[in-house]
Amino acid sequence: MNEPLTPEPVSLEPATLLLDGNQYRLPVVEGSEGERGIDIAQLRADTGHITLDPGYGNTGSCTSAITFIDGDEGILRYRGIPIEQFVDSPTFIEVAWLLIFGHLPSETEYHSFSEDLTRFANIDEGMKHQFEGFPRSAPPMAILSAMINALSCYHPELHELEDEHELRHAAARLISKIRTIAAYAFRHSRGLPYIYPDPSLRYVPNLLHMMFSLPYRQYVCPNLVRKAMNLILILHADHEQNCSTSTVRMVGSSGANLFASCAAGVCALWGPLHGGANVAVLNMLEQIHRGNITPEEYVRLAKDKDSKVRLMGFGPRVYKNFDPRAQMLQKVAEELVPQLSGDDPLLEIARRLEEIALSDPYFVERKLYPNVDFYSGILLRGIGIPTNMFTVIFAMGRLPGWIGHWWEQSQMPGGRIARPRQIYTGNGLTDYLPMERRP
Ligand code: SDX
């Protein structure tokens with residue numbers, strides 16, 4: 001059995017629980033950055049009680065050594081490295097290696113992994129026919145999830161991963177081919193011919209080549225765009241136990257293979273409250289731009305619980321100060337969008353919304369700040385990525401995080417299938433009623 005990838009937390013003085021006149025001692029643990037948790041693994045066996053925490057806002061599902069978030073300080077670190085340090089020399093592929101294997105790649109590892117990504121960029125010709133089975137209007141996230149699962153049918157040798165060597169092969173195929181699948185989903189939606197990956201191009205330029213080149217004119221990726229897209233993928237690469245990553249761990253805990261687990265992660269990410277928010281933000285900004293509603297009116301609606309409207313791109317709860325990713329993406333958008341596509345009125349509307357919300361007690365008291373989705377859509381739009389592909393780009397960025405978490409969990413000693421409990425509030429014992437006796 002491999003050494004656990006995740007160091008054990010430190011044990012502190014146990015907590016005491018008084019319940020029904022009994023005292024129970026519950027272990028307390030502390031992580032490497034001082035996060036503390038009460039270990040309730042024996043709670044039901046000892047007390048007959050479970051905890052209740054819908055949305056798991058107060059519940060740790062695991063220990064992990066991949067990403068650290070300090071929501072109060074606006075800190076986000078990948079394997080201890082602050083994300084701000086990836087701005088100047090961003091290569092998404094070295095961050096992917098860092099998240100999956102736990103260290104920055106050596107030069108040899110980096111070049112060898114890059115060569116694997118180039119070698120594995122093509123998809124089986126049989127998979128192309130599957131694209132034809134989707135209507136052109138099919139949501140690209142539906143295609144992405146389906147085709148990641150389809151990919152596993154061409155790689156049965158990667159359903160069981162025994163060591164990091166096999167993990168590396170599976171990771172390289174997934175990270176490389178998700179790019180081709182994404183590009184082909186886009187081409188299919190536009191009725192355009194598929195463009196083969198170009199082995200002379202690096203990760204991002206190859207994606208944009210497959211998306212935007214035409215048989216008679218090759219797309220050439222500007223250096224500014226290459227840097228911005230690398231940073232966008234890096235900033236989306238992991239975010240500890242968010243909804244989609246928890247889904248990947250949950251599905252993987254049943255022994256499901258890496259492809260099936262990541263396909264499930266795509267589905268979780270698709271939701272407008274999660275990765276789908278970058279599309280919802282653009283729709284919100286365009287709705288305001290069309291003049292249907294003013295920024296002030298939109299913020300007022302977002303505060304009104306009955307409106308069912310939320311200020312998309314604001315929240316979630318993990319950041320009670322600011323999301324460092326939003327700040328970094330805003331800076332890149334301010335610099336890049338005017339150069340790429342001229343002044344974008346949506347950027348001005350986004351700034352106005354942020355200004356109004358951050359001076360409104362409703363948002364300040366709830367510590368709701370712009371998140372990674374608030375500016376990413378404006379930046380992707382400036383690069384020329386169509387709105388319906390925004391969440392697909394998010395999934396491409398988040399894939400290394402999913403892979404790292406899936407592998408970390410698979411290597412945990414005594415790993416158990418995830419199976420939460422519930423508090424039942426339905427009918428008591430009830431007899432079956434034959435049809436003729438029903439009202
Ligand atoms: C991502 O988990 C992650 O790490 C996610 C992510 C990642 O990298 O994986 O960071 C990526 O998914 C970012 C979030 C993208 N979603 C959106 O931008 C959609 C808009 N945001 C919200 O729907 C909301 O903030 C969520 C879904 C993100 C979080 O919802 P919660 O769990 O209900 O938020 P909460 O418990 O912190 O809410 C506290 C209060 C509630 O009001 P009260 O009951 O206290 O009166 O704040 C309100 C919420 O109604 N609230 C909002 C709001 N977000 C929370 N009110 C208006 N607009 C919002 N955006």
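Numbering of ligands and ligand atoms starts at 1, following listing order. If you're wondering where the values come from, they're calculated on a predicted model, not measured in any experiment. Values below: every heavy atom of this structure, side chains too, minus hydrogens, waters and symmetry copies.
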Student: Look at the rings of F120 and H169 and say which category their plane angle falls in: under 30° parallel, 30 to 60° tilted, over 60° perpendicular.
Tutor: tilted
Student: Identify, for atom 34 (O) of ligand 1, the protein heavy atom at the shortest distance, and state residue, atom and that distance.
Tutor: R317 NH1, 4.2 Å
Student: I need the atoms of ligand 1 closer than 4.0 Å to a non-hydrogen atom of A302, numbered in the order shown.
Tutor: 57 (C)
Student: For atom 50 (O) of ligand 1, tell me which residue out of M284, H236, R310 has the closest non-hydrogen atom.
Tutor: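 It is R310 whose heavy atom sits nearest to atom 50 (O) of ligand 1.
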Student: May I ask you to identify the nearest protein heavy atom to atom 48 (C) of ligand 1, giving residue, atom name and distance to one decimal place in Å?
Tutor: Y362 OH, 3.6 Å
Student: Looking at atom 54 (N) of ligand 1, what's its closest protein heavy atom, distance included?
Tutor: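 The closest heavy atom on the protein side is L368 CD2, 3.7 Å.
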Student: For the pair E355 and R352, find out whether any cationic side-chain nitrogen is under 4.0 Å from an anionic carboxylate oxygen.
Tutor: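 Between R352 and E355 there is a salt bridge, with a charged N closer than 4.0 Å to a carboxylate O.
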Student: Using the ring-ring contact (aromatic ring centres under 6.0 Å, His included) criterion, which residues pair with F186? Sequence neighbours excluded.
Tutor: F212
Student: Short list, please: which atoms of ligand 1 are under 4.0 Å from a heavy atom of G313?
Tutor: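 So the atoms of ligand 1 that pass are 17 (C), 18 (O).
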Student: Around atom 28 (C) of ligand 1, find the nearest protein heavy atom and jot down its residue, atom name and distance.
Tutor: P316 CB, 3.4 Å
Student: Side chain, backbone, both or neither: which part of E240 comes within less than 4.0 Å of ligand 1 when only heavy atoms are counted?
Tutor: neither
Student: Quick one: does ligand 1 sit under 4.0 Å from the side chain of L273, the backbone, both or neither, non-hydrogen atoms only?
Tutor: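 Both the backbone and the side chain of L273 come within reach of ligand 1.
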Student: Between H188 (side chain only) and F134 (backbone N and O only), is there a donor and an acceptor less than 3.5 Å apart?
Tutor: yes
Student: Tell me which pairs pass side chain to side chain donor-acceptor pair (under 3.5 Å) where either residue lies in residues 378-389, with sequence neighbours left out.
Tutor: E286-R381, D344-R381
Student: Is the contact between K305 and ligand 1 made by the side chain, the backbone, both, or neither, using heavy atoms and a 4.0 Å cut-off?
Tutor: side chain
Student: Quick one: do E164 and R168 make a salt bridge, cutoff under 4.0 Å?
Tutor: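 Here E164 does not pair with R168 in a salt bridge, since their nearest N and O are not under 4.0 Å apart.
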Student: Residue-level breakdown please: for H274 versus ligand 1, do any non-hydrogen atoms fall below 4.0 Å on the side chain, on the backbone, on both, or on neither?
Tutor: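 For H274, backbone and side-chain atoms both sit under 4.0 Å from ligand 1.
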